Amino acid sequence: MTVAGAQKRTTVAGTRKTPVRASVRAGSRRASAFLARRSLTSHRRAWTAVFATAAAAAALLGAFALVLGSLLLAGPPVERYAGADAVVVADQRVTYTAKPWGSEPRTATAHLPERVRLERSAVARAAAADGVALAVADDTVPVTVGNGAPAVGRSWPSAALTPYELSEGRAPRSASEVVVDPALASTGGRVTLQVGGAARQYTVSGVAATGHRGGTPAVFFTEPRLTALAGHPGTVDAIGVVAERGVSAGTLKASLDRAVAGLSGGERGPRVLTGAGRGEAEHIDALGGRGDLLAMLASIAATVVMVALLVIATTVSQAVHQRSGELALLRAVGATPRQLRSAVGREAGRVAGAAAVLGAAGSVPLGLLMRSLLTTDPLPLPVPAWLPVAAGVVGALLVALAARPVALLAARAVTRMRPAAALSAARAPEPGEPGRLRTGAGVLLAVAGLGSAGTATAQSGQAAALAASGAATSLIIAVALLGPWIARISMRVLGAPARRAGGVSGFLAARSAAAHHRRLGAALTPIVLVVAFVCVQLAAGTTLERAAGRQAADALRADLVVTGPAAGIPAEAAEAVRGAPGVAAATGLLRSAVVLAHRETGDPALDRFPVLGVTADQLSGTLDARVTAGDPAALTGRGTVAVGEDRADDLDVGVGDEVALRLGDGTRVRLRVVALYARSLGLGEFMLPREALAGHVSAPLDQQILVRSRDGDATSAVRAALAPYEGLDVRTARADDVRIAPSSSDRDDALIIIGVGVIGGFALLAVVSTLALISVGRRPEFRLLRLVGTGRGQLLRMRVLETGLVTVAGLTIGTVVAAVPLAAFALPATGGLPYLPPAQYGVLALAVTVAAAMGTLCPGARGGGGGRGAR
């Protein structure tokens with residue numbers, strides 16, 4: 001070729017450079033698409049396992065998105081104030097601002113459990129505001145009807161704020177007359193009511209009906225009588241406001257804000273609620289409960305995301321690794337790295353995309369089922385039409401976006417090989433060892449997990465729980481990354497017993513497990529995941545419940561307990577019991593909560609703690625809190641407190657020091673510590689004198705009365721002393737009567753079902769899918785074993801032994817992974833080791849064994865044949 005010809009060719013090529021590149025890229029895309037289509041067809045069984053896992057993950061993620069979205073939109077319903085245009089209430093929130101280490105100041109907010117009241121002068125100010133037609137003081141008192149049924153006592157003027165209308169008779173005119181719900185009595189009759197004292201009879205002057213069904217029935221007194229019964233004449237619970245005709249909600253709110261500005265009413269002053277916000281005035285702690293539930297669900301949802309991504313990564317990686325020989329062969333015959341990566345990415349993307357669409361559809365019924373478990377009064381969870389769609393899209397996108405990068409990363413080692421090296425790799429039965437990056441990351445996470453566990457042992461409360469949770473997450477991910485190394489070590493330990501016990505089948509099982517440790521590591525990961533996750537979720541609760549139950553049982557010295565209706569027991573009842581013959585001691589238990597402002601790892605935090613209000617001179621006869629310092633008899637007046645010794649250590653206080661708390665209605669107090677006690681899990685972190693709590697609760701009524709008989713059984717004498725009071729019962733005392741919190745609640749049960757049932761079920765599905773994927777990829781190995789003379793029975797026993805090896809190793813490693821953070825959590829919290837009922841662990845082990853057997857034995861049932869070739 002001449003120089004001129006070469007120059008001419010160069011010039012022509014230069015002018016066609018861009019079209020040629022475009023043509024090459026188009027050809028590469030067509031080749032990648034062709035490889036992806038053929039691979040999806042020829043490897044449909046392997047991709048089926050990935051499809052099932054991805055669809056389940058999308059459904060689970062979408063379901064949690066639906067529940068969390070519904071909970072964020074939830075608000076307490078408007079019932080009692082249906083006739084009011086606005087409600088003025090005190091602020092039920094408290095704040096605490098502190099400056100974390102090296103950061104800007106931050107503020108923590110908490111809702112108060114007891115009613116914060118307004119000064120009564122706010123009623124006149126609200127009535128004088130522009131646009132106000134009527135302003136009514138609204139106080140409520142708990143009422144027990146003669147048959148023991150609960151009711152709500154209100155003043156008759158406040159009926160204008162409610163859906164009640166007088167249907168018979170007339171309004172009450174004297175302190176002995178009431179208007180009642182038709183479910184309680186009829187006009188002209190007599191009704192027995194108990195309000196804060198002994199029961200007395202009232203004349204029914206009228207009946208007020210409502211078009212709404214359900215809810216607690218109302219009893220209306222005259223306003224002076226209701227004010228006297230409420231016991232706080234200088235304050236009111238709320239102010240209901242009816243607007244003048246034509247005044248908008250916004251205008252009314254602005255006018256009322258100006259009218260009540262500067263008055264006391266909570267930390268930030270009075271609030272004016274309109275529209276759907278009026279429900280907050282009826283259910284004062286609904287939003288606080290929603291916040292607690294949101295925090296717990298968000299924690300579980302974060303675990304769900306981690307579990308879903310880990311399971312998807314495991315199954316997709318295994319599906320790609322099983323084809324490493326095929327990919328290496330394609331690389332050896334000329335396929336470019338770009339074409340292979342594009343083909344693998346297309347396969348994973350198509351499978352994950354189709355699975356995500358199916359999972360998005362399945363997320364709606366699953367989310368609605370989870371929502372039904374959490375729906376409790378007084379906070380219904382709304383589901384607007386757009387929420388299921390949005391939740392399904394969220395779950396689908398997370399799964400679809402996660403699958404392709406994982407597939408590309410799994411294929412990276414093969415696609416980067418040179419063709420000559422790829423030809424050797426195509427003959428290799430097992431991919432190489434995990435890369436340095438993966439191994440290093442696994443080691444770092446393991447060290448971090450152990451470090452978090454060590455940190456948890458030096459802390460307590462929420463900080464210890466968070467550190468233990470972080471330790472569990474780090475260790476689970478570390479096991480996934482170090483799976484091949486862990487599998488190699490496990491098989492060295494378990495292989496020898498299998499060889500000795502299984503004969504030829506045991507030898508084959510042990511050799512196969514030792515030769516394919518990377519595959520075995522992928523099989524162990526979902527088993528470790530489900531075992532560790534379920535053990536942590538179950539054992540954390542049972543450990544605390546067991547310790548709290550033991551402490552409450554050890555603390556109980558009373559032999560009898562008086563229980564009453566939901567409204568509570570009047571304080572006078574405990575005095576009456578103390579005077580009964582044969583009674584050595586009796587103390588009423590007034591239950592409330594306090595808010596403690598403190599720092600957690602530098603950040604401001606407001607934690608609520610349930611507390612008991614007790615009578616000091618009767619306490620030692622009915623409860624043994626195991627006092628370690630001070631004297632509980634000094635728990636009198638309004639300025640003293642007894643503190644659990646663990647909490648005292650956290651606060652660095654002792655007998656004689658002061659503790660700053662906020663009572664249930666937000667009142668700030670500084671209390672002198674008069675005693676420290678050890679049984680705080682059963683009896684609570686703080687105990688206060690009853691008289692110190694009585695003025696700061698919505699209703700100063702006891703929940704139980706603990707009674708200790710002097711000689712013999714004083715049941716008859718106690719019942720005689722309680723004859724003037726309605727709805728009270730006397731029975732033998734139990735540990736649950738004095739526990740600061742119940743052994744279980746509907747919300748706790750729902751969270752256990754969601755956390756263990758739903759997520760644990762998904763993890764078990766991942767076990768089946770991953771092991772089925774591995775079994776499908778081993779069919780050529782099974783055929784080869786049949787061709788060299790392995791019998792069907794030997795092959796079946798080999799696979800059974802392999803299943804046993806994987807199950808035992810997974811259960812052992814998962815239990816150890818769970819035990820480390822659980823021990824770190826249990827030691828500071830209970831002073832003992834974690835506890836999981838053997839029956840629960842047995843069910844878990846059985847479920848894992850069945851899932852492993854289904855994944856290992858069922859998909860490969862036909863692979864153990866060999867047909868004529870086997871003969």
Side-chain angles (χ1 to χ4, degrees), residues 78-89 115 117-118 120-128 132-146 149-197 199-244 278 281-282 567 698-699:
V78 180
E79 298 169 343
R80 199 164 80 216
Y81 294 116
D85 296 301
V87 184
V88 183
V89 294
R115 172 76 69 177
R117 297 188 171 97
L118 296 165
R120 192 166 287 271
S121 61
V123 180
R125 285 205 187 185
V132 173
L134 177 67
V136 180
D138 184 41
D139 290 319
T140 60
V141 294
V143 176
T144 301
V145 188
V152 176
R154 307 182 70 182
S155 68
W156 175 247
S158 70
L161 310 174
T162 73
Y164 279 96
E165 293 183 358
L166 193 64
S167 58
E168 297 179 19
R170 57 172 176 79
R173 297 173 182 170
S174 67
S176 61
E177 292 182 337
V178 292
V179 171
V180 300
D181 187 285
L184 301 179
S186 58
T187 304
R190 305 277 287 175
V191 62
T192 301
L193 303 176
Q194 179 175 287
V195 188
R200 58 169 291 184
Q201 288 193 331
Y202 292 81
T203 301
V204 179
S205 66
V207 171
T210 175
H212 300 281
R213 293 185 177 181
T216 305
V219 176
F220 296 96
F221 300 85
T222 62
E223 186 167 14
R225 177 59 178 164
L226 192 280
T227 302
L229 291 174
H232 48 88
T235 58
V236 295
D237 288 352
I239 303 171
V241 177
V242 178
E244 294 177 348
R278 293 170 296 168
E282 301 182 30
S698 301

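In this chain, residues are counted from 1 in sequence order. The structure displayed is predicted, hence computed values, not measured ones.
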Basic-acidic side-chain contact under 4.0 Å: Arg115, Asp139:
no
Quick test of your reading of the model: are Glu177 and Arg170 salt-bridged, counting only N-O distances below 4.0 Å?
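Here Glu177 pairs with Arg170 in a salt bridge, since their nearest N and O are under 4.0 Å apart.
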Partners meeting side-chain contact (heavy atoms from CB on, under 4.5 Å) with Ala86 (sequence neighbours left out)
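Listed in chain order: Val241, Leu252, Leu256, Val272, Thr274.
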Heavy-atom check, side chain of Glu282 versus side chain of Val78, under 4.5 Å
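Yes - at least one pair of side-chain heavy atoms lies under 4.5 Å apart.
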If we ignore hydrogens and angles and just use 3.5 Å, is the side chain of [X] paired with the main-chain N or O of [Y] as donor and acceptor?
X      : Y      : result
Glu223 : Pro157 : no
Arg225 : Ser176 : no
Ser167 : Val207 : yes

Starting at [atom1] of [X], measure out to [atom2] of [Y] and round the result to the nearest 0.5 Å.
X      : Y      : atom1 : atom2 : result
Tyr202 : Ser174 : OH    : OG    : 10.0 Å
Thr140 : Leu229 : OG1   : CG    : 12.0 Å
Leu161 : Arg278 : CG    : CZ    : 10.5 Å
Phe220 : Leu226 : CZ    : CG    : 10.0 Å
Ser186 : Glu168 : OG    : CD    : 7.5 Å

Any chance CD of Glu165 has more than 12 other-residue heavy atoms, nucleotides or ligands included, within less than 6.0 Å?
no
Could you tell me which non-hydrogen atom of [X] sits nearest to which non-hydrogen atom of [Y], and how far apart they are?
X      : Y      : answer
Ala137 : Val236 : CB-CG1, 3.8 Å
Val89  : Ala238 : CG1-CB, 3.7 Å
Val242 : Gly83  : CG2-O, 3.8 Å
Ser158 : Asp138 : CB-OD1, 3.4 Å
Ala160 : Leu134 : CB-CD2, 4.1 Å
Tyr164 : Pro217 : OH-CA, 3.8 Å

Partners passing salt bridge (charged side-chain N to carboxylate O under 4.0 Å, His left out) against Arg117 (at least two apart in sequence or in another chain):
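For Arg117 the salt bridge (charged side-chain N to carboxylate O under 4.0 Å, His left out) partners, ignoring immediate neighbours, are Asp237.
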Residue of the set Thr187, Thr222, Val179 for which side-chain contact (heavy atoms from CB on, under 4.5 Å) holds with Ser205
Val179
Under the criterion side-chain contact (heavy atoms from CB on, under 4.5 Å), which of Val219, Leu184, Val191 is the partner of Val204?
Val191
Judged by modelled atom types alone, do Thr203 and Arg190 share a side-chain donor-acceptor pair under 3.5 Å?
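The criterion, which ignores hydrogens and geometry beyond distance, is satisfied for Arg190 and Thr203.
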